[in-house]
Every structure is written in C-alpha cells, then in structure tokens.
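As the structure lists them, so they are numbered: ligands from 1, and atoms in each ligand from 1. Heads up: numbering here begins at 1 and tracks the sequence.
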Amino acid sequence: MIKFLDLQKINLSHQAEIEERLLNTFRSGWYLLGNEVKTFEEHLASYIGAKHAIGVANGLDALRLILRAYIEMGVMQKGDEIIVPANTYIASILAISDNGLVPVLVEPSLYDYNIDVTNIEEKITSKTKGILIVHLYGRVVFSERLKEIAEKHQLKIIEDNAQAIGAAWKGIKTGNLGDAAGFSFYPGKNLGALGDAGGVTTNDETLAKNIRALANYGSNQKYVNIYQGLNSRLDEIQAAVLDVKLNYIDAENNRRKEIAARYIAEIKNPNVILPENPCDTAEHVWHIFIIRTENREKLQNYLTENGVQTLIHYPIPPHKQEAYKEWNDLSFPITEKIHDEVLSLPISPVMSEDEVSAVISALNNY
Ligand SMILES: *Cc1c(COP(=O)(O)O)cnc(C)c1O
C-alpha cells in the first residue's frame, strides 16, 4: 500500500539530528519558555522575512490569538465581521467565532479552490474589520486586487498559513503577505512537530507583544497580568524538533513540487480533473494534491484496491456542520461541489519515483 503520508519515514529521515536535540532538551531540565523556543522563533521569523515570530500551542490558537489581540488593542470588537473562505478547514472559522466575531463566508474559485477575490467586496459592510485568507492545499492566495480592497476598506489581512509554509508570492513568503499569520505545525503539515504546535508571524510589534502576553495568561512579566489570557505556549521539545526540520523545509517542498509536476504531466484520464500548476512554481508547496472526479467513492475504492491510499480534504463544508447549525440552509454551490468531488493523492518528500509512477498508472488505468 502506498501511504497517503508516511510520517514515520519523514521524521526518521532526520533521525540523528532530531534525537540529539531531543536528548539535549531532555537533559537541560528546562522545558518551557527557554532557548529552544527562542531560537526557533528567531529562525522562523528570519525564514519568513517577518520581524516577529511567536511560538504557540497549535494552529487554531495561533489564529484565535491574532484576533483576540486585535480585540484587546481595540482594532476589532465583538460582533465585527471577518471575511473568510467558505471552502476551508473549519479551524479558520472557529478562530473567528470563538472570539465573538462574525465569520462571513465567501465562495472560492474553481480555478485554485481559494477565496475568489471578485466575491469579496459585495460582502463588506461597516462592521467588516478583516479578511482571513487561507492558502488552502499549499497554494498562495494573494493579489494586488486583494491588497487594494483591504486598503480601501481598512481591513486587516490575516493569513491562515497552516498549509503553505515556504510558498511565496512575488518573492514574499506566505506569513509575510498580510498583517499577521497563523501557522500550524501539526505532525502532518509540511513542517510538522511530534505533537501539537503552532506559531504567529507579524511585522507589528504591538500585536506581537500582545499575542505573547495573551498566550501566557495575559502576562509579559511574571505574576503581573494585563489581560485575561490563556495558556497557549510552544514547548521546548517541539521547538527543538521544528528547528531541525525548518532547515529542510525548502528541500522537502521542492520534492513535493517535483511529484506534483509529474502527476500533472502524466495523469491522463478524462474522469480526473487535475489542479493547476501555477506559472510561478513558488506559489504552491503542495501540502495536499487534490484531484476532482464525479464519482469519488468509486475512484477511491478502486485506488484502495490498487494499493493507493487517498484521503478527502474535506468531506463536509463548514456551513453544513452541526457546529454551525444556523448556516445549514445557506447555499455555497462551488464550495459544496468541491467538497463532493475532491480526493487527495499521496504526496510527501519521502515518496519514491516508483511510488509516484504506481499512483500515475493506477489513475491512468481507471
Ligand atoms: C491544520 C489547520 C489548522 C489548525 O491547525 P492545528 O494545529 O491543527 O490547530 C487551521 N487551518 C488550516 C487551514 C489547517 O489546515
């Protein structure tokens, strides 16, 4: 069976370095708010090109904390609206509603599955304070048009960069395109920890300070609390692992790009719609390689029988979830079509050429 993602193989490809750093951290006796986190934050900020990076507990918290900090700073208040793609992983939306802000869902384009910038302006009201863009599947969603809209209506651009670390638009990395960005280092992400981990990047010093305080009980100084914060910290063990793996992210993303290029060039089947390879290959880091097909269940079963493991990202759109009952009757036909038709093929930096060939043959023989 060709695994969708062989995490063990990915992490063992850095075994010696990771084990050394883990052992050092274990023996140091210092497990939170120490040098490993500080070092990783510095390396992450410099990799992204942003002034500040803050390690937090996970990707959802990264986004929650950005919005919470904007509320504490008076930039946003409860009841304000945040534009967000209807086609996303639900965490993007949870971060908004968790803060008492109102998610305003916008349809994606069928071209790249990301938010369709031409649908944004009609959704802007006097209460709109931000646009949360999601670089879904690892594909950059950014444009001059988006920047203009944000400037014209004085909206913050917040990036959900959980899936696109290492991608860039016109030489600027995702995580440095908007006002602030949330990262997930969930084990299966392109830069994955050995458990939950996340981060925020921003060039806004006030925002960075506030997020750091909010993630630490609302305190910048021990036992002095300026906010009713939470505990959402990156720990030393995860930071040590991430700091090793950050050195390899470009090489690993490049391997993903090679595999994606082969899939796009060699999969030839009228029942399969392939994703677009952007003209500038920097704009996609292929966290997920999705195809679309009308009878997904049939294709997925066929691939399983032929030794290819696939997953669905994602089977139920956020507006159809019980968690958001109030939206269940809304209609987002493009989002629904995507959720009905997408299937994710195996892609990872440790896949061999033979495995890639086997996936291609299986699809071409379908
Ligand atoms: C993974 C993911 C998140 C949440 O990250 P966690 O670390 O799992 O909390 C948020 N948004 C998107 C698009 C994701 O893929």
Practice task
Determine yes or no for a side-chain-to-main-chain donor-acceptor pair under 3.5 angstrom, with Asn269 supplying the side chain and Asn271 the backbone.
Solution key: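 Yes, Asn269 side chain to Asn271 backbone: donor-acceptor pair under 3.5 Å.
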Practice task
Could you list the atoms of ligand 1 found under 4.0 angstrom from a heavy atom of Gly59?
Solution key: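 Per the distance check, 5 (O), 6 (P), 7 (O), 9 (O).
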Practice task
Report yes if some N/O of Leu63 lies less than 3.5 Å from some N/O of ligand 1; otherwise report no.
Solution key: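 In this structure, Leu63 places no N or O atom under 3.5 Å from an N or O of ligand 1.
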Handout entry: Nitrogen or oxygen of Gln163 less than 3.5 angstrom from that of ligand 1
Key =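 N/O-N/O distance under 3.5 Å: yes.
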[atom] [closest protein heavy-atom partner, distance rounded to 0.1 Å]:
atom                    : answer
atom 9 (O) of ligand 1  : Leu60 N, 2.9 Å
atom 11 (N) of ligand 1 : Asp160 OD2, 2.7 Å
atom 10 (C) of ligand 1 : Ala91 CB, 3.5 Å
atom 2 (C) of ligand 1  : Lys189 NZ, 2.7 Å

Any carboxylate oxygen within less than 4.0 angstrom of a Lys/Arg side-chain nitrogen, looking at [X] and [Y]?
X      : Y      : answer
Lys245 : Glu252 : no
Arg64  : Asp98  : yes
Glu42  : Lys38  : yes
Lys152 : Glu121 : yes

Practice task
Between Ala62, Ala162, Ser184, flag the one that comes closest to atom 7 (O) of ligand 1 by a heavy atom.
Solution key: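 Going through Ala62, Ala162, Ser184 one by one, Ser184 has the nearest heavy atom to atom 7 (O) of ligand 1.
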Exercise for the section: Please confirm whether Lys173 makes a cation-pi placement over Tyr47, using NZ or CZ under 6.0 Å from the six-membered ring centre and within 45° of the ring normal. Expected result: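 Positive - Lys173 is close enough to the ring of Tyr47 and near enough to its axis.
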